[in-house]
Amino acid sequence: MPELPEVETIRKGLEKKVRGKRVNKVIIRSEKAIKAPSSPDEFVKKIEGRKLSEIKRKGKYLILELDCKDSLIIHLKMTGRLIYSSEGEELSYARVIFIFPDKTQLNFTDMRGFGGLWLVPDEEFSNIPLLKSMGPEPLENDFTLARFRGLLKGKKGKIKSLLMEQTFIAGVGNIYSQEALFLSGIHPERNASMLIDREVESLYNNLLAVLREALSYGGSSIDAYVDLNGKKGSYESHLRVYGRQKKNCPRCGAVIRKIKVSGRGTCFCPVCQK
DNA sequence: CAATCGTCCTGCGGGC
DNA sequence: TGCCCGCAGGACGATT
């Protein structure tokens with residue numbers, strides 16, 4: 001499931017491969033993938049002939065600005081992929097295809113079909129409430145320890161659920177919330193209001209560290225994630241607790257446990273994380 | 001109001 | 001061994 005490091009890897013790929021290109025043709029194979037506008041025909045008409053300008057990211061959303069007032073928003077959810085290929089490739093898998101004049105194309109594929117594309121007026125994002133209420137970007141310079149402390153103030157929920165809330169911090173999901181908590185020695189079910197100063201500082205440092213580290217490896221290929229060239233990330237073999245239930249803790253050797261936190265699978269070391 | 005639950009979907013793997 | 005049930009989960013809407 002692509003989180004910040006994976007989506008950012010794709011964003012960089014898009015910047016390199018498709019930024020500045022004009023979209024000659026749009027093919028929709030799965031109308032369900034088009035979330036806005038309600039008419040897929042309108043989606044096609046508004047994009048064909050337009051040029052892709054800036055490629056941005058907000059949390060786990062990709063924002064492809066067109067050379068008009070509209071932006072193409074993409075969320076990959078669990079199994080969505082964006083694959084850049086030469087024209088004609090990947091056609092049988094793709095739900096939506098964007099074809100460029102240089103005989104290349106951008107394919108949106110999505111096995112489970114939770115992902116989606118929105119074409120919305122620039123910066124309005126009216127159909128996507130979360131884009132308006134998105135929390136701060138953890139890897140930006142203004143995300144300081146003081147700001148993190150401020151965000152936590154008055155928060156009462158389980159720390160792991162809080163980390164995954166996109167309105168709290170942008171782009172953190174099930175993988176990196178678990179990794180950051182492990183590195184900080186904090187049990188995922190601890191109440192956010194009960195963390196002491198030292199733990200908050202540790203969590204801040206480790207969250208940033210694990211996101212940066214994963215980004216440097218091109219993300220983790222959990223589920224279906226690959227980059228724009230169809231290449232897997234290489235961080236999944238470095239994950240310390242995610243998906244490692246019943247295996248040994250890399251730090252103390254104890255058996256890693258798996259529990260449900262707010263209905264989501266969560267791995268942790270019962271010895272290291274208190 | 002905040003927390004939790006069900007929903008969408010389908011490939012795969014844990015468990016019998 | 002082989003098969004199949006249920007797990008996997010981001011975000012949202014409904015519910016309590």
Side-chain angles (χ1 to χ4, degrees), chain A residues 1-11 29-36 38 57-63 73-82 92-96 108-118 120 125-135 137-138 151-181 188-194 211 214 219-226 232-233 236 239 241-247 255-268:
Chain A
M1 67 227 67
E3 300 179 23
L4 190 154
E6 292 78 26
V7 179
E8 180 61 18
T9 300
I10 293 172
R11 192 199 65 78
R29 284 251 150 84
S30 163
E31 297 201 343
K32 214 177 63 65
I34 310 301
K35 308 296 183 186
S38 51
R57 179 189 57 77
K58 200 167 176 182
K60 302 173 195 169
Y61 287 89
L62 286 162
I63 302 169
I73 314 290
I74 303 174
H75 198 305
L76 302 171
K77 291 287 180 84
M78 254 75 68
T79 55
R81 289 175 162 179
L82 285 172
S92 56
Y93 307 99
R95 288 171 185 257
V96 184
F108 172 73
T109 75
D110 191 0
M111 192 221 299
R112 275 179 240 181
F114 290 180
L117 291 75
W118 294 255
V120 297
F125 305 146
S126 49
N127 290 300
I128 313 166
L130 179 54
L131 272 180
K132 285 185 161 180
S133 56
M134 188 73 71
E137 288 290 334
L151 285 173
L152 275 167
K153 199 157 275 176
K155 289 294 191 311
K156 285 182 294 194
K158 292 171 182 169
I159 186 61
K160 195 254 184 173
S161 307
L162 193 58
L163 287 175
M164 285 178 64
E165 246 173 60
Q166 301 303 295
T167 51
F168 180 66
I169 298 176
V172 179
N174 207 28
I175 299 173
Y176 299 109
S177 58
Q178 292 177 46
E179 294 298 305
L181 287 168
E189 290 183 299
R190 282 278 296 285
N191 192 302
S193 65
M194 301 301 280
L211 290 173
S220 307
S221 284
I222 301 294
D223 275 342
Y225 172 74
V226 290
K232 288 188 171 191
E236 66 273 13
L239 295 173
V241 284
Y242 180 87
R244 299 194 66 249
Q245 61 273 19
K246 296 181 184 172
K247 294 182 180 165
V255 177
I256 292 170
R257 282 189 57 203
K258 184 171 186 180
I259 55 171
K260 291 259 184 198
V261 178
S262 303
R264 293 295 174 239
T266 304
C267 295
F268 71 102

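Residue numbering restarts at 1 for every chain, and letters A, B, ... go by the order of the sequence lines. Everything numeric here is computed off the predicted structure, so don't read it as measured data.
Between A:Lys158 and B:dA2 there is no side-chain N or O to OP1 or OP2 distance below 4.0 Å. The side chain of A:His75 places an N or O atom within less than 4.0 Å of a non-bridging phosphate oxygen (OP1 or OP2) of C:dA11. Distances shown here put a side-chain N or O of A:Lys260 below 4.0 Å from the OP1 or OP2 atom of C:dA8. Look at A:Lys60 and you'll find a side-chain N or O under 4.0 angstrom from OP1 or OP2 of C:dA11. Residue A:Tyr176 has no polar side-chain atom (N or O) positioned under 4.0 Å from OP1 or OP2 of C:dG10. At least one side-chain nitrogen or oxygen of A:Gln166 sits closer than 4.0 Å to the OP1 or OP2 atom of C:dA11.
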Determine, for nucleotides 8-16 of chain B in 5'-to-3' order, which nucleotides have protein heavy atoms under 4.0 Å from the base (write B), from only the sugar-phosphate (write S), or from neither (write -). BBBS---S-
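One atom, CG of A:Leu131, and another, P of C:dA11, lie 10 Å apart when rounded to the nearest Å. A straight line from CG of A:Leu162 to C1' of B:dA2 spans 12 Å, rounded to a whole angstrom. Spacing between atom NZ of A:Lys160 and atom P of C:dG9 amounts to 7 Å, rounded to whole angstrom units. Whole-Å rounding puts the A:Gln178 CD to C:dG9 P distance at 7 Å. Atom pair A:Leu130:CG and C:dG10:P shows a separation of 13 Å (rounding to whole Å applied). Straight-line distance from the CG atom of A:Asn174 to the P atom of C:dA8: 10 Å, rounded to whole Å. Between the CG atom of A:Leu62 and the P atom of C:dG10 there is a distance of 16 Å, rounded to whole Å. Between the CD1 atom of A:Ile128 and the P atom of C:dA11 there is a distance of 12 Å, given to the nearest Å.
Rounded to 10 degrees, the angle between the two end axes of the helix from B:dA2-C:dT16 to B:dC16-C:dG2 is 60°, with five pairs used at each end.
The side chain to side chain contact (heavy atoms under 4.5 Å, CB included) search around A:Gln166 returns A:Lys60, A:Leu130, A:Met134, not counting sequence neighbours. Taking the salt bridge (charged side-chain N to carboxylate O under 4.0 Å, His left out) definition, one finds that A:Arg190 meets it with A:Glu199, sequence neighbours left out. Residues forming a side chain to side chain contact (heavy atoms under 4.5 Å, CB included) with A:Lys247 (at least two apart in sequence, or on another chain): A:Arg244.
Side-chain atoms of A:Glu3 do not come within 3.5 Å of backbone N or O of A:Ser177 as any donor-acceptor pair. A:Asn174 places a side-chain N or O within 3.5 Å of a backbone atom of A:Gly265 that can act as its donor or acceptor partner.
The side-chain heavy atoms of A:Asn191 and A:Ile159, taken from C-beta on, include no pair separated by under 4.5 Å. When side chains are defined from C-beta on, A:Leu4 counts as touching A:Arg57, because their heavy atoms get closer than 4.5 Å. Residues A:Tyr242 and A:Tyr176 are not in side-chain contact: their nearest non-hydrogen atoms beyond the backbone lie 4.5 Å or more apart. Using a 4.5 Å heavy-atom cutoff, the side chains of A:Arg81 and A:Leu76 are not in contact.
Using a 4.0 Å heavy-atom cutoff across all strands shown, A:Gly263 reaches no nucleic acid atom at all. Across all strands shown, A:Gly115 has no heavy atoms under 4.0 Å from either base or sugar-phosphate atoms.
Ranking C:dA8, C:dG9, C:dA11 by closeness to the A:Met1 side chain, first place goes to C:dG9.
Applying the salt bridge (charged side-chain N to carboxylate O under 4.0 Å, His left out) rule to pairs touching residues 157-172 of chain A yields A:Lys158-A:Glu189, sequence neighbours excluded.
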